[in-house]
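Working notes, beginning with the structure itself.
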There are 2 protein chains.
Amino acid sequence: MSQTTSSPYDEPMPHSAPLDRTATISDVARLAGVSVPTVSRVLTGAARVSEDRRRRVDKAIAALGYRPSAAAQVLASGRSTTIAILAANTSRYGYAEAIRGVEESARAAGFAVIIVVVESERDDEVRAAADAVLRQSVAGVVVLKFDPPGVAALKALQSAIPAVALSGVPEAGVPQAVLDESEAAAALTEHLLSLGHSTVHHVRIPPSGKEDGRTTGWRLALQRHGIPTPPIEDVSWDVSTAHEIGVRLASDPAVTAIFCGNDETAMGVIRGIHDTGLNVPDDISVVGFDDHPLAPMFIPALTTARQDFAELGRHGTAQLLALLKGESPLALETVEPPLVFRESTALPSSRRR
Amino acid sequence: MSQTTSSPYDEPMPHSAPLDRTATISDVARLAGVSVPTVSRVLTGAARVSEDRRRRVDKAIAALGYRPSAAAQVLASGRSTTIAILAANTSRYGYAEAIRGVEESARAAGFAVIIVVVESERDDEVRAAADAVLRQSVAGVVVLKFDPPGVAALKALQSAIPAVALSGVPEAGVPQAVLDESEAAAALTEHLLSLGHSTVHHVRIPPSGKEDGRTTGWRLALQRHGIPTPPIEDVSWDVSTAHEIGVRLASDPAVTAIFCGNDETAMGVIRGIHDTGLNVPDDISVVGFDDHPLAPMFIPALTTARQDFAELGRHGTAQLLALLKGESPLALETVEPPLVFRESTALPSSRRR
DNA sequence: AAGGCTCCTGAAAGCGCTTTCAGTGGCCTT
DNA sequence: AAGGCCACTGAAAGCGCTTTCAGGAGCCTT
C-alpha cells in the first residue's frame with residue numbers, strides 16, 4: 001500500500017459504502033426531452049437556454065429530486081465550490097468562533113466547507129493535513145494561523161492553492177485577515193500601569209511561534225515606561241494550569257497586576273488567587289483578553305479587550321473569495337480590539353508590596 | 001437558473017478558481033512505465049502488484065508529489081471517504097466538543113469531514129442543508145440532534161444516506177449515540193431536594209423539540225417527591241438572558257434552588273443573583289449541567305453533571321463507520337453523566353422562605 | 001435572393017480515476 | 001507433453017458532469 005493513500009476501509013471493501021443511486025443529469029435530460037448539455041446549461045447558467053426547455057428541465061429536476069454531483073462537477077469543470085478550513089483546534093473559543101465566521105460567509109457565497117485539523121506541528125501530521133486539503137480539490141483554504149501547527153500547515157501548502165491566513169500578528173506579503181492584538185495588549189497594560197501598579201506580570205498562552213501580539217504589546221508597554229519585563233508565566237490550554245499559576249503568583253507580594261493571554265486563563269488565575277484567600281481586584285488586578293461571553297458574568301467581571309473572531313473569519317473568507325475571483329486582495333484591514341473595563345482591575349493594594 | 005443550483009460565481013466565471021494542474025495518475029503511470037490501472041491498484045490496494053512495479057510506482061508518486069483526486073475517486077468508484085457533520089451551530093460548547101469528537105475519529109479512520117450548518121428549522125434552510133450534504137457524495141452523516149434545526153435536518157435527509165444522530169434523549173429505531181441526560185438531571189434535582197430545599201426551579205435552555213432530557217429529569221424528580229413543578233424559565237443561548245432571569249428569580253423569596261440547563265446559563269443566573277446582593281450558595285443554590293471547563297473556576301465553583309460531548313461525537317462516528325461497513329449498529333450505549341459536587345449548592349438559607 | 005448574423009442545440013470529447021475483462025507467462029499436475 | 005491454474009497486467013469502458021464544436025433555424029442586410 002502506498003504511503004500517500006490508504007483506504008479507510010481495512011479490507012478490499014466488501015462492505016464499503018456505496019453511494020445511493022440517485023438521479024443523474026442524463027435522467028433529467030431524458031425526462032425533459034432535451035440533451036444533457038442543455039440540462040448542464042440551465043444548471044450552471046453558462047449559456048442561454050430557451051424559455052420552453054428551461055421550464056421542462058426545471059420540472060424534470062424537481063420531479064426527480066435531482067441534485068448535481070459536486071464531485072462530477074469539479075472533475076469536469078476543474079472548478080471547485082468547496083473551501084477548506086485548516087486549524088489546529090476546532091473547539092476552543094477563538095478557534096470555534098473563527099470557524100463559525102468562515103463557515104457563515106462560505107455558505108452565504110454558496111461554498112461548502114471541509115474542515116481539516118492539524119493537531120501538532122509534527123512533520124508527518126502537517127504533511128497529512130496539507131495532503132488532505134490538496135486531495136479534496138478545494139478552491140481555496142483559510143488557515144487559522146494562531147499557533148505553530150497553523151503556521152507549519154500554511155507553509156506546507158506552499159501556495160499550491162489559494163490560501164489566506166487568519167492571524168493575530170500583521171505580516172506582509174501574505175493574504176490574510178488580522179486582528180491586531182498588540183496595540184490592545186499594550187493599552188490594557190497601560191491601563192494597569194495608570195492605575196498605579198508598578199509593574200504588570202504576564203501569563204502567556206501557547207504562542208503562534210516566535211511571539212504573539214498579546215505578549216508583544218505587553219512587552220512594548222512596559223518598555224515605554226522603562227519598566228523591566230518580569231519573567232513570563234506560561235500556561236497550556238488547560239485552565240487548571242492557569243489556576244496553579246494564580247496560586248503561585250498570589251504568593252509573591254510583588255505581584256499586584258496580571259495581564260493574561262486570554263479570558264479563560266484570567267478566570268483560572270483569578271480562581272487560583274481566590275483560593276489563596278486573596279481578592280481580585282482588591283489585592284491583585286487581573287485582565288484577560290478576548291471578551292469571552294462569560295467574561296461579564298464572572299465574579300469579578302473581567303476587564304479585557306474584545307476580539308471578534310467570527311468577524312475575523314468572515315474577513316478572511318471574503319479575502320479568499322476575492323482572491324479566487326482574481327480580484328486584488330482586499331485592503332489589509334487590521335481591526336484593533338476595543339477595551340472593555342469591568343471589575344477585575346483596581347488601584348494597587350496597600351497591603352502588598 | 002435552477003433552484004437546485006446556483007453558481008457561487010456571479011458571472012460566467014471569467015475569473016473563476018481553476019484548480020492548479022497537478023500530477024495525475026497517468027503522469028505517474030508514464031513515469032513509472034506501467035499502466036494506469038496498475039497505479040490505481042497500488043493506490044487502493046485492490047489487487048496485487050508485483051514488488052518491482054509497486055516500487056517503481058511508489059517512486060514515481062514521490063517524485064511527482066502525486067495525490068489522487070478525491071473527486072475522481074468518488075466518481076469512479078462510487079465510494080466516498082468523506083463524511084458530513086450536520087449541525088445547527090459550530091461554536092457553542094457542547095456543539096464544538098461534539099464536532100471535535102467526530103472530526104477526531106473520522107480523521108483517525110481516514111475520512112475527511114465536511115461541515116454543513118443549518119441555522120434554523122425554516123423549510124428552505126433545512127432543505128438547503130440536506131441538499132448540500134447530498135450533493136457532496138459523502139459516505140454518511142453525523143447529525144447533531146440537539147435542537148429543532150437538527151431534528152428537522154435529520155428528517156429532511158430521509159435516510160437517503162447513512163446517518164447517525166447525536167442526542168441527549170434516547171430514541172428507538174434510529175442509529176444514534178446518546179448521552180442520557182434525564183437521569184443525571186433528576187439526580188441533580190434530588191441532590192438539591194435532599195439538601196432541604198422544598199422545591200427546585202428550572203431555567204431551561206432552548207430545547208430540541210418536545211422536551212429535552214434535562215427538563216424531563218428535573219420534572220421527574222419533582223414528581224417522585226410529589227412536588228408540583230414551578231413555572232419554567234426559558235433562556236436563549238445568549239448568557240445575558242440568563243443574567244436577567246437570575247435577577248428576577250432572586251427577587252422571589254420562594255426561590256432557594258435553581259437547576260439550570262447548562263453551566264453557562266448557571267453562571268449567568270448566579271451573576272444575576274449576585275447583582276441583587278444575594279449570595280450563591282448561601283441564599284440560593286444553583287446547579288448547572290455539562291461541567292464546562294470553566295465550571296470549576298467560577299466563583300462559586302459549579303455543582304453540575306459532566307457531559308463528555310467529544311466522546312459522544314466519537315461514539316456516533318464509530319456507529320456511522322460500522323454502519324458503512326455493513327456491520328450491525330453498535331449497541332446503543334447511553335452514558336449517564338457523572339455528577340460533580342462543588343460550591344454552588346448548600347442547605348437552604350433561613351433568611352429566605 | 002444571397003449572404004451574414006445571432007441564438008440555441010446536441011454530438012463528442014474528456015476531467016482523473018476504478019473496474020471489468022481478456023490475456024500472457026510461469027509453474028504444477030497428470 | 002498437454003492441460004490447468006494462478007498471479008499479474010493493460011485495454012477499454014464508464015462514473016456524472018462541462019465544454020468545445022459544428023450545425024440548423026430564424027432574421028436582417030444588401
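Protein chains get the first letters and strands the later ones, always in sequence-line order, with residue 1 at the start of each.
- Here the shortest heavy-atom pairing between A/I99 and A/L144 reads CG1-CD2, 4.2 Å.
- Remark: B/R53 is in phosphate contact with D/dG10, judged by side-chain N or O atoms under 4.0 Å from OP1 or OP2.
- Checked against D/dT18, D/dG16, C/dG10, the side chain of A/L43 finds its nearest nucleotide in D/dT18.
- One atom, CD1 of A/I61, and another, P of D/dC17, lie 10 Å apart when rounded to the nearest Å.
- OP1 or OP2 of C/dT18 has at least one side-chain nitrogen or oxygen of B/S40 nearer than 4.0 Å.
- In this structure, B/S77 does not reach the C/dT18 phosphate: none of its side-chain N or O atoms is under 4.0 Å from OP1 or OP2.
- Taking for each of B/R41 and B/L75 the nucleotide of DNA chain C with the nearest heavy atom, the 5'-most of the two is the partner of B/L75.
- Distance CG (B/L134) to P (D/dG16): 15 Å, rounded to an integer number of Å.
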Stepwise, does the side-chain hydrogen bond (donor to acceptor under 3.5 Å, both in side chains) test hold for B/Q319 with B/H315? CA-CA 6 Å; B/Q319 195 89 240; B/H315 264 51; over 6 Å; no
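- A close approach under 4.0 Å does not occur between any side-chain nitrogen or oxygen of B/R48 and OP1 or OP2 of D/dA7.
- An OP1 or OP2 oxygen of C/dC17 is reached within less than 4.0 angstrom by no side-chain nitrogen or oxygen of B/Q73.
- When the side-chain nitrogen and oxygen atoms of B/S50 are compared with OP1 and OP2 of D/dT9, one or more of them lie within a distance under 4.0 Å.
- Here C/dC17 presents its P atom at 13 Å from CD of A/Q136, a figure rounded to the nearest Å.
- Relative to the side chain of B/A76, the nucleotides D/dC15, D/dT9, D/dT18 differ in distance, and D/dC15 lies closest.
- One interatomic measurement links the two molecules: CG of B/D52 to P of D/dA7, which rounds to 18 Å at whole-angstrom precision.
- Toward the 5' end of DNA chain D, the nearer of the two residues B/T38 and A/A71, judged by each one's closest nucleotide, is B/T38.
- Between B/R30 and B/D27, at least one side-chain N (NZ, or NE/NH1/NH2) sits under 4.0 Å from a carboxylate O, which counts as a salt bridge.
- Remark: B/R127 does not engage B/D131 in a salt bridge, criterion side-chain N to carboxylate O under 4.0 Å.
- Comparing B/A72 and A/P37, the nucleotide of DNA chain C nearest to each residue sits closer to the 5' end for A/P37.
- The two residues B/P162 and B/L323 have their closest heavy-atom pair at CB-CD2, 3.9 Å.
- Regarding B/R30, its CZ atom lies at a distance of 11 Å from the P atom of C/dG16, rounded to whole Å.
- In this entry the distance linking CZ of A/R54 with C1' of C/dC8 reads 12 Å, nearest Å.
- For the OP1/OP2 pair of C/dG16 and a distance below 4.0 Å, the side-chain nitrogens and oxygens of B/S69 include no atom meeting the criterion.
- Look at CZ on A/R67: it is 12 Å from P on D/dC17, rounded to the nearest Å.
- Within the nucleic acid shown, A/V36 comes within 4.0 Å of at least one base atom, counting heavy atoms only.
- In this structure, of D/dT18, C/dC17, C/dG10, it is D/dT18 that holds the atom nearest to the side chain of A/I25.
- You'll find the side chain of B/F111 stays beyond 4.5 Å of the side chain of B/L320, heavy atoms only.
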